[in-house]
Amino acid sequence: KMSNLTELSDVQKKELSDIAQNIVKGGRGILAADESSGTMGKRLDMIKVENIEENRRQYRQLLMSTNADISEYLGGIILFHETLYQKDDNGKLLKDLMVEKGIAIGIKVDKGVVKLLGTKDETTTQGLDGLGDRCAQYKADGCDFAKWRCVLKITDSTPSQLAIDENANVLARYASICQQNGIVPIVEPEILPDGNHTLERCQEVTEKVLAACYKALNDHHVYLEGTLLKPNMVTAGHGCTVQYTPEQVAVATVTALRRTVPPAMPGVTFLSGGQSETSATAHLNAINQVKALKPWALSFSYGRALQASVLKAWKGKPENVAAAQDALMHRAKMNSLAAMGKYEASMETSAADAGSLHVANHQY
Ligand code: 13P
């Protein structure tokens with residue numbers, strides 16, 4: 001229930017920090033399976049499966065009925081509203097297949113991006129109206145965490161100060177509303193990889209954006225111990241001609257985080273942002289191998305980089321479900337090892353996808 005207190009109680013704080021810590025404990029990460037129906041349609045198109053509710057249900061059932069061992073590698077799954085209320089072939093709620101395995105349920109609560117007038121195609125994210133009531137209902141329906149994605153773009157003149165400030169503020173307001181309802185907010189200020197900018201430019205922008213986010217979270221009295229951060233890794237733009245090694249990406253990423261993210265925040269769960277499955281894993285591993293004080297868990301909340309080979313193996317056919325679940329188990333395991341800095345490329349199977357998963361101006 002919506003609390004009338006102006007401050008979180010110690011009991012509320014403990015619940016939030018327990019949820020957040022448990023999601024990223026021991027190299028666990030998050031499966032981002034919260035594609036809206038339109039975005040799911042694009043994924044299903046690639047394997048020539050029709051985008052109807054029944055096919056989305058079949059696919060999410062495949063993901064969530066994967067063997068219980070998956071809970072060694074996943075601490076959470078993020079769902080789209082529709083999925084939270086869908087049932088499996090036996091009439092059991094799909095989400096209970098994950099709850100039984102000890103995997104926390106997350107829910108996408110934003111309502112997508114809209115343009116900011118007078119900017120170069122920059123955006124803010126909608127969904128604050130009624131959010132408290134929606135969070136209370138989602139908590140009652142079994143959700144313990146939420147996601148809200150903001151998007152920033154790198155060009156010579158962006159992100160503008162307006163976009164940085166507006167998105168930091170809306171993320172903080174969302175986080176505050178979630179926490180009042182017992183829901184851990186994942187704070188996601190995604191800087192898109194579109195463009196030909198260098199690694200250095202991405203680092204500079206990432207630092208500026210994260211610094212603004214933590215200022216806003218503080219202004220809104222958000223309890224950092226009960227949040228997770230979902231940032232982009234610091235990478236060069238998709239069109240940049242300079243190639244950087246995983247070690248260079250890792251040092252730039254860890255440096256940006258160390259300069260801006262307070263140690264009270266328990267876990268960084270990176271988005272994959274269109275990286276191939278294997279490079280998203282290799283980058284995460286390199287990040288965990290950087291020799292510097294890293295006072296947070298550094299893990300994953302991947303969408304495309306956990307699902308590309310699953311979709312390819314499945315192709316919408318019941319006889320392929322087991323192979324698709326094997327692919328999910330494998331990717332989850334590889335990323336969990338990477339979250340502990342224990343991954344090696346030789347652990348890969350041929351099914352792993354090294355092809356780019358980049359989608360221009362990606363929506364979720
Ligand atoms: P990708 O890992 O596909 O970038 O998506 C993660 C996500 O949830 C973006 O909001």
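Predicted, not measured: the structure shown is a model, and the values here were computed from it. Both ligands and their constituent atoms are indexed starting at 1 by order of listing.
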Give a yes or no on whether Lys139 atom NZ has more than 12 heavy-atom contacts from other residues, nucleotides or ligands under 6.0 Å away. yes

Heavy-atom contacts with Ala32 under 4.0 Å: which atoms of ligand 1 show up? List them by number with element. 8 (O)

Counting non-hydrogen protein atoms only, what is the nearest one to atom 4 (O) of ligand 1? Give residue, atom name and distance. Gly273 N, 2.7 Å

With the threshold set at under 4.0 angstrom, would you say Lys108 reaches ligand 1 through any of its heavy atoms? no

May I ask whether Ala305 places a heavy atom under 4.0 Å from ligand 1? no

Counting from 1 in the order shown, the ligand 1 atoms closer than 4.0 Å to a non-hydrogen atom of Ser272 are 1 (P), 2 (O), 3 (O), 4 (O)

Assess the side chains of Gln180 and Ser176: does a donor N or O sit below 3.5 Å from an acceptor N or O? yes

For atom 9 (C) of ligand 1, the protein heavy atom that lies nearest, with its residue and separation: Glu188 OE2, 3.2 Å

Taking CD in Gln243 as the centre, count heavy atoms belonging to other residues, nucleotides or ligands within less than 6.0 Å. Is the count above 12? no

Do any nitrogen or oxygen atoms of Lys147 come within less than 3.5 Å of a nitrogen or oxygen of ligand 1? yes

What do you reckon, is NZ of Lys294 surrounded by more than 12 foreign heavy atoms closer than 6.0 Å? yes

By side-chain hydrogen bond (donor to acceptor under 3.5 Å, both in side chains), Thr123 pairs with (sequence neighbours left out) none

With Arg201 as reference, evaluate Glu204, Gln203, His197 under the side chain to side chain donor-acceptor pair (under 3.5 Å) test and give the passing residue. Glu204

Under a 4.0 Å heavy-atom limit, does Arg304 contact ligand 1 with its side chain, its backbone, both, or neither? both

Quick one: does Gln307 get within less than 4.0 Å of ligand 1, heavy atoms only? no

Any side-chain donor-acceptor pair under 3.5 Å between Thr235 and Gln275? no

I want to know if ligand 1 touches Leu271 in the polar sense, i.e. an N/O pair below 3.5 angstrom. no

How close does the nearest protein non-hydrogen atom get to atom 6 (C) of ligand 1, and which residue and atom is it? Lys230 NZ, 3.3 Å

Mark up the atoms of ligand 1 that fall under 4.0 Å of a heavy atom belonging to Tyr302, in ascending order. 2 (O)

Below 3.5 angstrom, do we get any N/O pair linking Ile78 and ligand 1? no

Do the side chains of Glu122 and Lys153 get close enough for a salt bridge, i.e. N-O under 4.0 angstrom? no

Is it the case that atom NZ in Lys101 sees more than 12 heavy atoms from other parts of the structure closer than 6.0 Å? yes

re atom 5 (O) of ligand 1, the protein heavy-atom contact at minimum distance is Tyr364 CE1, 3.2 Å

